[in-house]
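One-based numbering, in listed order, for ligands and for the atoms of each.
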Amino acid sequence: MKLTYLTSLISSFSLAQAIAVPQPKDLTSLQFPTTNKQDLLKRYYDYDHYEEPIRGVNIGGWLVLEPYITPSLFEEFRTNPANDDGIPVDEYHYWSYLGKDEAMTRLTSHWDNFYTEQDFIDIKNAGFNLVRIPIGYWAFDTLPNDPYVSGWQQLYLDKAINWCRANGLKVWVDLHGAAGSQNGFDNSGLRDSIDFLQDENLQLTMNVLEKVLDKYSQDEFLDTVIGIELINEPLGPSIDMDKYKNEYLIPAYTYLRETLGRDQNIIIHDAFEPFNYWDSFMTLEDGDHYGITLDHHHYQVFSSGELQRSWDERLGVTCSWGQGATSEYHWTVAGEFSAALTDCAKWLNGVGIGARYDGSFYKNGVSSYYIGSCQDNENVSTWSDERKQDTRKYIEAQFDAFEMRGGWIIWCYKTETSVEWGVNQLIANGLFPQPLTDRQYPGQCNA
Ligand SMILES: *[C@@H]1O[C@H](CO)[C@@H](O)[C@H](O)[C@H]1NC(C)=O
């Protein structure tokens with residue numbers, strides 16, 4: 001695909017008119033509408049059956065690349081079988097290594113093929129009622145020196161929303177990458193940088209968020225898009241949380257509710273803060289919650305301590321998440337968790353970084369120790385019966401725990417190679433409840 005052709009298309013996406021970023025306000029001075037609670041409730045739950053919890057799945061690795069989800073895109077750069085030197089570590093570097101023309105050629109093929117309408121039909125048929133679709137800021141606008149081509153990812157998002165509407169699925173639109181990165185994870189598009197709140201980055205991300213809030217709260221989307229996540233996984237301990245709240249969350253809320261006057265649901269990730277951290281944020285004395293849903297993510301594979309847990313310990317933590325996040329102050333949903341019991345999937349921790357499970361992890365001088373083997377991790381036929389049972393048990397326990405509150409959205413629907421991280425492969429291997437309410441291990445969290 002040629003860039004000249006692109007340029008004309010792209011210009012139609014650039015909303016040049018700069019919308020003024022609302023000034024930060026003191027929380028106490030904000031007016032919150034409370035009359036639309038019933039509408040919001042309908043949108044929070046499945047629109048037509050809103051007694052049902054959210055039972056969703058994430059569309060990972062599609063509009064925001066993650067090396068471990070589509071390793072084939074990144075393996076093309078391999079020069080050395082012994083190490084990952086020269087392989088881009090994230091989507092930002094994928095674009096910058098290839099240049100816009102070649103990256104567009106390869107990514108257009110990826111966008112066209114990694115997800116098609118059939119996937120959304122299969123998701124619906126598996127019983128899910130919602131998909132959460134990650135998208136990066138660069139789909140809407142870019143910094144002057146960014147390597148990305150903007151705009152196209154939006155077409156695919158809108159196509160996916162149409163497929164969801166046609167097949168009876170609801171959607172959370174999830175802004176997954178901020179300019180400068182909100183967490184330094186490769187899944188933000190830019191690894192090893194946490195510069196989201198730097199002024200230029202914040203300004204751009206805020207402009208993008210306003211476009212997202214404006215577009216996906218319009219009538220034509222409201223029957224299908226039932227939530228907009230303001231930003232995925234900001235790394236609370238590493239950012240200025242006051243600045244984040246006052247110059248990002250509150251202006252976004254004000255823009256949607258006051259400037260636009262719309263009642264789309266707002267999803268706020270917990271920023272890895274304790275459950276009760278958010279109890280006093282944007283809550284009314286009477287416990288109303290302004291149409292704000294808190295999104296908690298739950299994994300037990302990103303530290304050696306978690307990987308070493310016994311089954312009983314893992315189950316105890318899982319069930320405590322259900323109980324702990326039952327908030328009187330906000331609706332809460334587990335917007336990410338997985339079936340994974342190891343971190344063995346190649347590049348799960350990032351290109352060039354191994355797995356803690358088998359002791360091959362090494363990053364910034366931090367290494368790991370051996371817990372178990374990662375050999376044949378992606379070949380289910382080599383898994384012990386115990387591992388298969390534990391995987392199924394773990395999925396069921398998480399469903400039970402998270403249905404104590406608003407529901408769950410598992411990460412993610414498919415990967416090229418990883419079974420643990422791919423719902424479609426878990427289903428194919430009988431490791432996943434079908435229907436979703438089926439229980440081989442009922443009542444695990446009732447003890
Ligand atoms: C998976 O494991 C089985 C049993 O050891 C083996 O026969 C098969 O070849 C393996 N498949 C792959 C793709 O490695």
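The nearest heavy-atom contact from the protein to atom 3 (C) of ligand 1 is S381 OG, 3.4 Å. Here the heavy atom of the protein found nearest to atom 11 (N) of ligand 1 is N379 ND2, 2.8 Å.
Residues V89 and D84 have side chains not in contact (no heavy-atom distance under 4.5 Å, counting atoms from C-beta outward).
Those atoms of ligand 1 with a heavy atom of T382 less than 4.0 angstrom away are 2 (O), 5 (O).
Under the 4.0 angstrom criterion, atom 9 (O) of ligand 1 counts as lacking any protein heavy-atom contact.
Annotation: cation-pi geometry satisfied between K414 and F114 (NZ/CZ under 6.0 angstrom from ring centroid, within 45° of ring axis).
A salt bridge is defined here as a Lys NZ or Arg NE, NH1 or NH2 lying under 4.0 Å from an Asp or Glu carboxylate O, and E220 with R165 fails to meet this definition.
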Handout entry: Trace of the side-chain hydrogen bond (donor to acceptor under 3.5 Å, both in side chains) decision for N167 with E117
Key = CA-CA 9 Å; N167 292 289; E117 182 168 15; 3.1 Å; yes
